[in-house]
There are 2 protein chains.
Amino acid sequence: MAASLTLAVSTVIFALRPHPETAHPALWLPLVRRIRSPHKGLWALPGGPLGPAEDLAASAARNLRETTHLAPRYLEQLYAFGRPDRSDDRTVSIVYWALVHADEASAGLETENVRWFLADALPPLAFDHSLIVEYALWRLRNKMEYSRIAAAFLGETFTLSELREVHEVVLERDLDPANFRRQVESTGLVVPTDEFRTGGRHRPARLYRHDHSIELADNGPLSGR
Amino acid sequence: MAASLTLAVSTVIFALRPHPETAHPALWLPLVRRIRSPHKGLWALPGGPLGPAEDLAASAARNLRETTHLAPRYLEQLYAFGRPDRSDDRTVSIVYWALVHADEASAGLETENVRWFLADALPPLAFDHSLIVEYALWRLRNKMEYSRIAAAFLGETFTLSELREVHEVVLERDLDPANFRRQVESTGLVVPTDEFRTGGRHRPARLYRHDHSIELADNGPLSGR
DNA sequence: AAAATAGTGTCTATGAGACACTATCTG
DNA sequence: CAGATAGTGTCTCATAGACACTATTTT
């Protein structure tokens, strides 16, 4: 049995980067071009075989680093895909999803076979990767509503407007600034600092930071895994 | 790589059966005794290697049937466990969890190496199976609060008291009958019939049935998988 | 009639959301 | 001062929960 089955780990990596037209933040993800059959030439999720003594999450983080030269700010297992017809060679893929903070350096690291795409304008993907991305987007949006994973897209400190914008971009809808502020403040998961963001042509906004003692998302008994 | 790695599918199977002391319904799950090393003699989750052309969920359902002689009323992927130190022989386990309706027939099918245990009084389990069961319980309780999976524990028709009792047993807390009734009725996922459950020394209760056109739980883009 | 559960009515506290308003910066 | 966003106040509506009450059966 073992000899006829391949176990791979793939990762759906999300980052916020400016939209090329509007310059507003948008959701992007990196894909790699397949350089061999099957589906040669098509874009696919970064991933590869699991190392002999490698943890699943470590394998996802390694692929993420090799593809984007970034470290994951949030990493969570998505699902295991194993339908016999999903590839020619009976591959079971354990898929993770990750949030990264895409800085300017990493943005220039695209190559012939690694390219970032707008999440809402993806090319046709190899295998069942289109379904996988769709599911990852669903999970991301779900989790954005009841956890603090938005923090993974931001720096150490941020204004409430910046935090709200992350939510708005991911959820694809506008949020009321007043209500958003109250909701975030009432959780106590965000801590005001003494500093302000100046520079806009308007009143400076107070900077906040996240309470690091609390995890970005509650994954129950698996939180430490 | 493939030759040194084993992929197994295991399943956490839940059923409601009477508690041996109180006779009230309680949460049970079946375990199988390991008959070989490692952890020989310890109880473990039912499972086994994935068939060469077998779907992951089909493998879980097969193991479930072979262990309990029952068909799953609800089946969902739980998580893939793959820490290198979780077993001696580098096994990655893709774990499912299932709800079954344990009838009288299946209850008598215990053998020397298959036994049902109360979910809150499990023996020490092999490998990381204790953690896995803990996580499955967490997911079950979570999902019980916002989906209709309770239906999987009941027959075609049921009273709202019976439905409430399922929730109470799983969530381990009492629910207000009046509020529970209104919440369930307001979802529209439950349909009143013209029949009543008589026999108690009290007013007969109307029987309801579930709307089969709606899935027990919303798993997003994966609902059909 | 008593006991028990079925089922209804209603009050309160809480939170989401709409939206008007004030505050304070830049240009 | 005009324009913009920061930040506050407040109203409404929907929902969760507590709990009193009525309805209908069996014994």
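The chains referred to below are lettered A, B, ... by the order of the sequence lines, with proteins before strands, and numbering in each begins at 1. All figures in this text were calculated on a predicted structure; none of them were measured in a lab.
Taking atom CZ on B:F196 and atom P on C:dT5, their separation rounds to 18 Å, with Å as the unit. Rounded to an integer number of Å, the gap from CZ of A:R164 to C1' of C:dG17 is 14 Å.
A:W97 has its ring centre less than 6.0 Å from the ring centre of A:Y74. B:H101 and B:F153 have their aromatic ring centers separated by at least 6.0 angstrom. The aromatic ring centroids of B:W28 and B:F14 lie 6.0 Å or more from each other.
In the region residues 176-188 of chain A, proximity to DNA chain C at under 4.0 angstrom, judged on heavy atoms, holds for A:D176, A:A178, A:N179, A:R182, A:Q183.
Here the OH atom belonging to B:Y79 is positioned 12.0 Å from the CD1 atom belonging to B:I94, to the nearest 0.5 angstrom.
As judged by a 4.0 angstrom heavy-atom cut-off over every strand, A:S161 is placed among residues touching the sugar-phosphate backbone only.
Sorted by first and then second residue, the pairs that involve residues 190-201 of chain B and meet salt bridge (charged side-chain N to carboxylate O under 4.0 Å, His left out), not counting sequence neighbours, are B:E162-B:R197.
By the 4.0 Å N-to-carboxylate-O rule, B:R141 lies too far from B:E134 to be salt-bridged with it.
Between B:R62 and B:E54, the shortest heavy-atom contact is NE-OE2, 2.6 Å.
Of all nucleotides in DNA chain D, those with any atom nearer than 4.0 Å to a heavy atom of chain B start and finish, going 5' to 3', at D:dA16 to D:dT26.
Counted by atom type alone, A:N113 and A:T111 present zero donor-acceptor pairs between their side chains at under 3.5 Å.
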